[in-house]
Amino acid sequence: MLNILSIVHEEFAVTERVETPTCPVATLDDLLALRPDVVRCPYSAYAAQRDSEPVTHNEQLGAWVVTRHEDVLDVLRDVTRFSNRMASGPSSVSSIAQQILQNDEIPERTRRQAARRMELSKSRVLLFSDPPLHKRQRSLVNAAFTPRRVAELDGAVNELTNRLVDNFAPDGTDIVEAFSMPIPMTVIATLLGVPPSHMKTFKDWSNAFTRGVGALSHDVDAIIEIFDQVDAFYDYFTAELDLRREHPVDDLLSDLLAARLDGEAPLTLPELLQMLVQFLVAGNETTTNLLTSAVWTLAKDPQLQDILREDPSKITNFLDEVLRLEPPVQGIWRVAVEDVEVGGTRIPADSLIYLVTGSANRDPAVYTEPDDLDLDQTRARHLTFGRGEHSCLGMNLAKMESKAALAVLLERCHNIALADPDQDVTFHRSFVLHGIESLPVTFSPASA
């Protein structure tokens, strides 16, 4: 800065494929209502929508929903007719802020915090910006977020993962708390110069920014808590940026402040603060969900674990398939700049559009046996990290972290299994962010 192995033995060949479980029969509205079994496995709902109305307006969401790979890809590539200005959708922190400013039931302090958020949000940054502003911002970030910084973290991730595994309890460890969450959180905190003593607070801030995503309603107490944390984040990093201006150090904050391009203005404070929010969420929450889904997949199949131990080079393909099948972010938002046609359907100007990448990644028109995890087949590139000008800035960091962490886990932990195979895992209440709340596993230490 995100399954049962079928091995078909023939005389001269072995096919490595993981068959995914059957999802409940459901509709898109069941998912938007956050029905737990559909949140856990929404892919039947996606398939039904893709087969019946691949481009349709959903009244509950207030947006056009696009589910076919071809249509999703077309929109992602077109930065002229489709804008990123509402890239978090209708349930983001900014959207909540806008709704509560005139709500007398919300305390005045929280309304002031929401007004601060709205003022900062006027600076369209990276995920929320369009060309040519996006190109300027991304170029300045690239000048700071160098390949050297990513490469330097490889050894640190290996060392951190080994320390975490040292503290695993073989008879029961929650992989989210003990592995998937601390690895990306520590990496992004290190990049931003956040000391270890602030890690819990750092996690609380991340949770606050993601609680608004993919849930269409919140009670007053939740809103107050969200904006207390959001305000604390802004206060902390405003002070840290001021400190770096006076006393630069070797971290990403100092590099962002120093980033310059010929003929371009440096990054402003609102731009920097909004960038840091995106780094926090993208560098922490999504990689946590990716790592957890990867371990969940492994824990259900010992043979898959053995295959990856015997040939660690397959971990890269494995992670790409997990990203395709269980994307940490299930969809991407756009706004139509003008009247447009998507998949033969007319969409009026200023309409909100939800591109369901979780559906596009399983489109049988693009992927053979799309619901199976295949380690060997050369798949079409998934859309989890987006495509084109707005492809995920941190995707290489996320892949590096995940690959390094899983390599250590597989080397040191054998016979990884779900602590209670009969208990359904619980996913966070969101139709956009796709992540497991808790995943207790057992294992045998490699030395045993």
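All residue numbers in this chain count up from 1 along the given sequence. None of the values given here were measured: they were computed from a predicted structure. Only this structure's heavy atoms are used, side chains among them; waters, hydrogens and symmetry mates stay out.
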*Asks:* Looking only at side-chain N and O atoms, does Q229 offer a donor or acceptor that is under 3.5 Å from a partner on N207?
*Replies:*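 Checked: N207/Q229 side chains show no N/O donor-acceptor pair below 3.5 Å.
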*Asks:* Would you tell me whether D320 and H382 have side-chain atoms, one donor and one acceptor, within less than 3.5 Å of each other?
*Replies:*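 Present: a donor and an acceptor within the cut-off.
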*Asks:* Do V25 and S44 come within less than 4.5 Å of each other through their side chains, counting heavy atoms only?
*Replies:*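 Answer no - side chains too far apart.
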*Asks:* Less than 6.0 angstrom from the centroid, inside 45 degrees of the normal: does R334 satisfy that with respect to the ring of F82?
*Replies:*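 Negative - R334 is either too far from the ring of F82 or too far off its axis.
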*Asks:* Answer yes or no: is there an ion pair linking D78 with R81, defined by an N-O contact shorter than 4.0 Å?
*Replies:*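 A salt bridge links D78 with R81.
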*Asks:* Give a yes-or-no answer on whether the side chains of D29 and T27 include a donor-acceptor pair shorter than 3.5 Å.
*Replies:*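 Per modelled atom types, D29 and T27 side chains form no pair under 3.5 Å.
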*Asks:* Looking only at the aromatic ring of each residue, does the gap between the centers of F443 and H414 stay below 6.0 angstrom?
*Replies:*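 Ring-ring flag for H414/F443: false, centres at least 6.0 Å apart.
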*Asks:* Within 45° of the ring axis of Y234 and under 6.0 Å from its six-membered ring centre, is that where the NZ or CZ of R116 lies?
*Replies:*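 No cation-pi geometry.
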*Asks:* Could you list the donor-acceptor pairs under 3.5 angstrom formed between side-chain atoms of residues 49-56 and any protein atom two or more places apart in sequence or on another chain?
*Replies:*
unit_1 : atom_1 : unit_2 : atom_2 : d
Q49    : NE2    : E53    : O      : 3.0
R50    : NH1    : S359   : O      : 3.1
R50    : NH1    : S359   : OG     : 3.0
S52    : OG     : A48    : O      : 2.8

*Asks:* Look at E411 together with R309 and state whether they make a salt bridge at an N to O cut-off of under 4.0 Å.
*Replies:*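 No salt bridge links E411 with R309.
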*Asks:* Measuring centre to centre across the rings, with the benzene-like ring taken for any Trp, is W296 within less than 6.0 Å of F427?
*Replies:*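 Yes, ring centres under 6.0 Å apart.
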*Asks:* Are side-chain heavy atoms of W64 and V342 found at a separation under 4.5 Å?
*Replies:*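 Answer no - side chains too far apart.
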*Asks:* Are any of the side-chain heavy atoms of T287 and V187 separated by less than 4.5 Å?
*Replies:*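 The answer is no, as the side chains (C-beta and beyond) never meet within the 4.5 Å cut-off.
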*Asks:* With a 4.5 Å heavy-atom cut-off, do L28 and V356 have their side chains touching?
*Replies:*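 No, too far: nothing below the 4.5 Å cut-off.
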*Asks:* Indicate whether the side chain of H434 and that of N289 have a donor and an acceptor atom separated by less than 3.5 Å.
*Replies:*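 No, no side-chain donor-acceptor pair sits under 3.5 Å.
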*Asks:* Is D231 salt-bridged to R109, going by a charged N under 4.0 Å from an acidic O?
*Replies:*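 Salt bridge between D231 and R109, a charged N being under 4.0 Å from a carboxylate O: no.
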*Asks:* Can you tell me if CD on E437 sees more than 12 non-hydrogen neighbours from other groups inside 6.0 Å?
*Replies:*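 More than 12 within 6.0 Å, yes.
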*Asks:* For a ring-ring contact (aromatic ring centres under 6.0 Å, His included) check, start with the C-alpha distance between Y236 and F233, then their side-chain angles and the critical distance, and finish with the verdict.
*Replies:* CA-CA 5 Å; Y236 176 85; F233 174 91; 8.1 Å; no
*Asks:* Is there side-chain contact between V141 and R138, with at least one heavy-atom pair below 4.5 Å?
*Replies:*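 No, their side chains stay 4.5 Å or more apart.
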*Asks:* Please examine the side chains of L280 and F202, heavy atoms only from C-beta on, and report whether any two atoms are closer than 4.5 Å.
*Replies:*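 A side-chain contact under 4.5 Å exists here.
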*Asks:* Could you verify whether a donor N or O on one side chain and an acceptor N or O on the other, from N84 and S129, lie under 3.5 Å apart?
*Replies:*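 Result is no, nothing qualifies.
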*Asks:* Check the side chains of T442 and D171 for a donor-acceptor pair under 3.5 angstrom, ignoring hydrogens and angles.
*Replies:*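 No, T442 and D171 have no side-chain donor paired with an acceptor closer than 3.5 Å.
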